Amino acid sequence: MKLQVDALQARILAILKDWYPITVEELRDELALPSGALERSLKGLMVKGVIALEPLSDKTYIRLLVPEVVFEVDKKTTGKGKKYPPPRTQ
C-alpha cells in the first residue's frame with residue numbers, strides 16, 4: 001500500500017514499524033509533541049485506514065493495520081506552518 005503523508009505522519013509510521021506495542025503516551029514522549037498535534041496526525045492516519053487506537057483500561061495502544069505500508073511525504077504539507085504574504089506598506 002502506497003500512502004501520501006505529511007512529515008509528522010511519516011515519523012509516526014517509522015516509529016510504529018520499529019516499536020510495537022506502543023501507547024499514545026509513549027509516542028507523545030518520543031516525539032516531544034503537544035497532545036493536539038499528535039492527536040490530529042493520529043486521526044489522519046486512522047481516516048486513511050493505516051492505524052487503529054486500542055483503548056485498554058488505563059492505556060491506549062496504537063496498532064499499525066498495514067505493516068507493509070510504503071509512505072511518501074507530501075511536500076505541500078511540510079514546513080513550519082502557513083506562509084503569509086509580507087505586510088503592505090503605505
Side-chain angles (χ1 to χ4, degrees):
M1 172 182 204
K2 192 169 183 178
L3 185 67
Q4 283 285 122
V5 295
D6 62 25
L8 178 55
Q9 290 173 338
R11 287 177 58 201
I12 291 169
L13 290 173
I15 290 170
L16 290 175
K17 283 184 172 186
D18 293 335
W19 186 1
Y20 185 80
I22 187 170
T23 66
V24 173
E25 294 80 21
E26 291 169 334
L27 183 61
R28 183 180 304 123
D29 292 343
E30 179 70 20
L31 294 171
L33 289 173
S35 301
L38 180 60
E39 288 174 11
R40 281 189 300 276
S41 288
L42 291 177
K43 190 174 190 177
L45 291 171
M46 286 174 33
V47 168
K48 293 175 183 177
V50 180
I51 66 165
L53 297 183
E54 296 180 350
L56 297 179
S57 60
D58 61 338
K59 296 179 182 179
T60 301
Y61 286 87
I62 305 167
R63 183 165 50 110
L64 187 59
L65 298 175
V66 187
E68 67 279 352
V69 69
V70 175
F71 51 89
E72 182 177 297
V73 178
D74 185 2
K75 304 274 192 244
K76 292 181 250 174
T77 59
T78 59
K80 301 250 182 193
K82 294 183 179 178
K83 300 197 190 262
Y84 296 101
R88 292 183 182 181
T89 55
Q90 295 185 14

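Note that this is a predicted model, so its numbers are computed, not measured.
Contact record, L65 with G49: CD1-O, 3.7 Å, taken as the closest heavy-atom pair. Across every non-hydrogen atom of V73 and D6, the tightest pair is CG1-C, 4.2 Å. Across every non-hydrogen atom of L64 and Y20, the tightest pair is N-CE1, 4.4 Å. Nearest approach of S41 to I12, heavy atoms of both residues: CB-CD1, 3.6 Å.
Here L45 contributes atom CG and L13 contributes atom CG; the two are 5.0 Å apart, rounded to the nearest 0.5 Å. With rounding to the nearest 0.5 angstrom, the CD1 atom of I62 is 5.0 Å from the CG atom of L42.
Residue pairs satisfying the salt bridge (Lys or Arg N to Asp or Glu O under 4.0 Å) criterion with at least one member in residues 22-37, sequence neighbours excluded, are absent. Legend: salt bridge (Lys or Arg N to Asp or Glu O under 4.0 Å) pairs involving residues 39-61, not counting sequence neighbours, sorted by first then second residue: E54-R63.
Partners of E72 according to the side chain to side chain contact (heavy atoms under 4.5 Å, CB included) rule, which considers only residues two or more places apart in sequence or in another chain, are K2, Q4.
Contact of the L31 side chain with the I15 side chain is registered, since non-hydrogen atoms from C-beta on lie closer than 4.5 Å.
V66 and Y61 fall into different hydrophobic clusters, where Ile, Leu, Val, Met, Phe, Trp and Tyr residues are linked whenever their side-chain heavy atoms come under 4.5 Å apart, directly or through other members. L27 and L33 fall within a single hydrophobic cluster, where Ile, Leu, Val, Met, Phe, Trp and Tyr are joined by side-chain heavy atoms under 4.5 Å apart, directly or via other members.
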